[in-house]
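Worksheet: one structure, shown below.
Every chain is numbered from 1, with letters handed out A, B, ... down the list of sequences.
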Number of protein chains: 2
Amino acid sequence: MTTKKNQLITTAFELFYYNGIHAVGINKILEVSGIAKKTLYNHFQSKEELIEATLTFRDVQYRNWLYERVNEAPKGIERIHALFDALDDWFNNRVCHFQLFRGCFFINTSAEFGDPSTKINQVCVAHKTEIRRFIKTQVSELNIQPHHLELITDSIQLLKEGAITIAAVQEDCHIAEKAKKSALLIIDAYSNSAINKG
Amino acid sequence: MTTKKNQLITTAFELFYYNGIHAVGINKILEVSGIAKKTLYNHFQSKEELIEATLTFRDVQYRNWLYERVNEAPKGIERIHALFDALDDWFNNRVCHFQLFRGCFFINTSAEFGDPSTKINQVCVAHKTEIRRFIKTQVSELNIQPHHLELITDSIQLLKEGAITIAAVQEDCHIAEKAKKSALLIIDAYSNSAINKG
DNA sequence: CACATAGTAGACAAATAGGTCTACTTTTGT
DNA sequence: ACAAAAGTAGACCTATTTGTCTACTATGTG
């Protein structure tokens, strides 16, 4: 992929993520990136195609970051800790190659494009589904009974998505820590050792 | 307030909630409501003022519904059940005076208006803060220790916001039930009777 | 060197945005 | 009944939107 195309995608993503997609015009992206309009329409058929490209870009960037952060911890409960610690860094702008936290780009974009049948919306769903799959993989390494796998995965995803929303809307920068506590409590309640204790 | 003004607000809300705010022009609102442009600008100074009015409208409508649903249950754990049962009805379009579920209007709007310093965004924050206050009131009626009040409130709000997001983006219509299970588990872990048991 | 590729600058078009204004009609309160 | 208030229809204005097109300019490889 050419440099210009990458520049367009990253510039578009930055502006979209900050301001919302509908609020950012093509001309603004060209002005900020310093790239000619012809070049944009040489690489993308339409604004929609550029939007889709920014979603793909962010999907890769975000998952690379999150998965690396989680996978560098040892398997098991440590990775649940790592998940929420990563969120905490994200909310508090300690991820240096991310820009200022403004919620989840996929939730935001999905909110802007109401109709669930659009391709844009489907990319957002796919991202969340993939994240859930990843969480499930981590949960499966815990000392739990297999029939609790889905339920614990759901709980953690609920807490994660809730934390992102609360961090974004209410600007509560400690929310990831609170979500982590709840997650650990739930895991503990379902864990084999807890059952053995009881 | 005049009938025309109300019509404008409800029509605008319906269109905004379905399609996103930036995606809906003034002319579309006029066309659907069948009201003249002059009348709109007689009641509102700008589109922004109309947006603010739709936010206030929804804030009142939504809280009236939710608070009534919760308050008709007896105080205590029953009201936590009622909270998540209400969410379940909302997600599954069983609230007859609401339109098709498309997530939380305040989260969606906040996502579209990135800058947290705008008045529009502040109204969204105020809504969430008020909802949290209400949840806290319900939690305070549970058989818990006072120093756990904030933490349990946070947990329930996390699960609630997470459920709204997942229901909206992934269209998982059973998510409220799962959130409820997690909430009850957390409350049970913190409850006095549980501590007495251990 | 030459030529194809990729990029630039920006005029232009068509559509749509928010918002104003005039002229006319309907409603409403006294 | 009559005057004031509220509403209608829609032309109009200006700014902005996405997208096209032309003419020109780097650039880099055979």
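Rounded to an integer number of Å, the gap from Ile29(B) CD1 to dT16(C) P is 16 Å. With rounding to whole Å, Leu8(A) atom CG is found 13 Å from dA6(C) atom C1'. The CG atom of Asn27(B) sits 15 Å away from the P atom of dA15(C) (whole-angstrom rounding). A straight line from CD1 of Ile21(A) to P of dT17(D) spans 15 Å, rounded to a whole angstrom. Straight-line distance from the CG atom of Leu30(A) to the C1' atom of dT17(D): 12 Å, rounded to whole Å. In this structure, Lys5(B) atom NZ and dA5(D) atom P are separated by 18 Å, rounded to whole Å. When rounded to the nearest whole Å, the span between CD of Glu31(A) and P of dT17(D) equals 10 Å. dT16(D) atom P lies 16 Å from atom CD1 of Ile26(A), rounded to whole Å.
Closest to the Lys4(A) side chain, of the nucleotides dG7(D), dG7(C), dG18(C), is dG7(C).
With no hydrogens or angles considered, a side-chain donor-acceptor pair links His81(A) and Lys180(A) at under 3.5 Å. Side-chain atoms of Gln157(B) and Gln170(A) include a donor-acceptor pair closer than 3.5 Å. With no hydrogens or angles considered, no side-chain donor-acceptor pair links Tyr62(B) and Arg58(B) at under 3.5 Å. Between the side chains of Lys37(A) and Asn27(A), at least one donor-acceptor pair of N or O atoms lies under 3.5 Å. Checked by atom type, the side-chain pair Asn143(B)/Ser191(B) shows no donor-acceptor distance below 3.5 Å. Ser33(A) and Thr11(A) form no side-chain donor-acceptor contact under 3.5 Å, judged by distance and modelled atom types alone.
Evaluated for a ring pair (Phe, Tyr, Trp, His ring centres under 6.0 Å) with Phe13(A), the options Phe57(A), Tyr18(A), Phe98(A) yield exactly one hit, Phe57(A).
Looking at Glu161(A) and Lys128(A), a side-chain N of the basic residue comes within less than 4.0 Å of a carboxylate O on the acidic one, giving a salt bridge. Between Arg79(B) and Glu141(B), no side-chain nitrogen of the basic residue sits less than 4.0 Å from a carboxylate oxygen of the acidic one, so the salt-bridge criterion is not met.
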Where protein sits on nucleotides 21-30 of chain C, one letter per nucleotide: B base, S sugar-phosphate only, - none, heavy atoms under 4.0 Å: BB--------
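Residues of residues 39-54 of chain A having a heavy atom closer than 4.0 Å to DNA chain C, listed by number: Thr39(A), His43(A).
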